[in-house]
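What you see below is based on every heavy atom in this structure, not just the backbone, and it leaves out hydrogens, waters and symmetry mates. Counting convention: from 1, in listed order, for ligands and their atoms alike.
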Amino acid sequence: MPIDATQAYDDQNIFAKILRGEIPATRLYDDDYAIAFPDIAPQAPTHILVIPKGAYVSWDDFSARASDAEIAGFVRAVGTVARDAGLVAPGYRLLANTGHDSHQEVPHLHVHIFAGRALGPMLAR
Ligand code: AMP
């Protein structure tokens, strides 16, 4: 079910549980601001999720409320994860679903990194 991006943060969401170590995930990256782990249902040969450590529902919530340090730290983490995975030369796509029409399902901000094949048009037509 897509979420409502205007909702309050729910600390029982699955990515909050991953951050607290209550649910396992392979941490590909971990710093003060972000972690990255493989998507459990990959939609490309490489499909990585990067999430901020802070409690933010969506891109909207994060861009409105996060500190400059959190925003810089998170954006740099996304870039570092892709770079360290060797994705810059072949290319990659970032996606951050926000709210109902985008079909965001997990109410903790996450950026998808897709790579590993020609990714086709940006959106289904
Ligand atoms: P979105 O539709 O943008 O909210 O994407 C949520 C993503 O989280 C989907 O691609 C799911 O496959 C992924 N996902 C859900 N649970 C887990 C989990 N426990 N570990 C890794 N990825 C997950």
Exercise for the section: Give me the ring orientation class for F114 and H112: parallel if the planes are under 30° apart, tilted from 30 to 60°, perpendicular past 60°. Expected result: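 Geometry flag for H112 against F114: parallel rings.
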
Practice task
For H108 and V106, indicate whether the former's side chain and the latter's backbone hold a donor-acceptor pair under 3.5 Å.
Solution key: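 No; zero donor-acceptor contacts below 3.5 Å.
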
Can you list the ligand 1 atoms lying under 4.0 Å from a non-hydrogen atom of [X]?
X	answer
F37	21 (C)
A41	12 (O)
V106	4 (O), 6 (C)
H112	1 (P), 3 (O), 5 (O), 7 (C), 10 (O)

Answer side chain, backbone, both or neither: which part of [X] comes under 4.0 Å from ligand 1, heavy atoms only.
X	result
H103	backbone
N97	side chain
I3	neither

Exercise for the section: For atom 14 (N) of ligand 1, grab the closest protein heavy atom and report residue, atom and distance to one decimal in Å. Expected result: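 Ranking protein heavy atoms by distance from atom 14 (N) of ligand 1, first comes I40 CG2, 3.7 Å.
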
Exercise for the section: Could you check atom 8 (O) of ligand 1 against the protein and tell me its nearest heavy-atom contact, residue, atom and distance included? Expected result: F15 CZ, 3.4 Å

Check whether any side-chain heavy atom of [X] lies under 4.5 Å from a side-chain heavy atom of [Y], and answer yes or no.
X	Y	value
I48	Y29	no
K53	E70	no
F37	I18	yes
D61	L109	no

Practice task
Nearest heavy atom to atom 5 (O) of ligand 1 wins, so pick from H108, H110, E105.
Solution key: H110

Problem - Of the listed options N13, D39, I14, I23, closest to atom 12 (O) of ligand 1 (non-hydrogen atoms) - result: D39

Problem - Other residues, nucleotides, ligands: >12 heavy atoms within 6.0 Å of R65 CZ - result: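 More than 12 heavy atoms, drawn from other residues, nucleotides or ligands, come within 6.0 Å of this atom.
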
Fill in the blank from the handout: dist I35:CD1 -> D32:CG (nearest 0.5 Å) comes out at 13.0 Å

Handout entry: Min heavy-atom dist P38 to ligand 1 below 4.0 Å
Key = yes

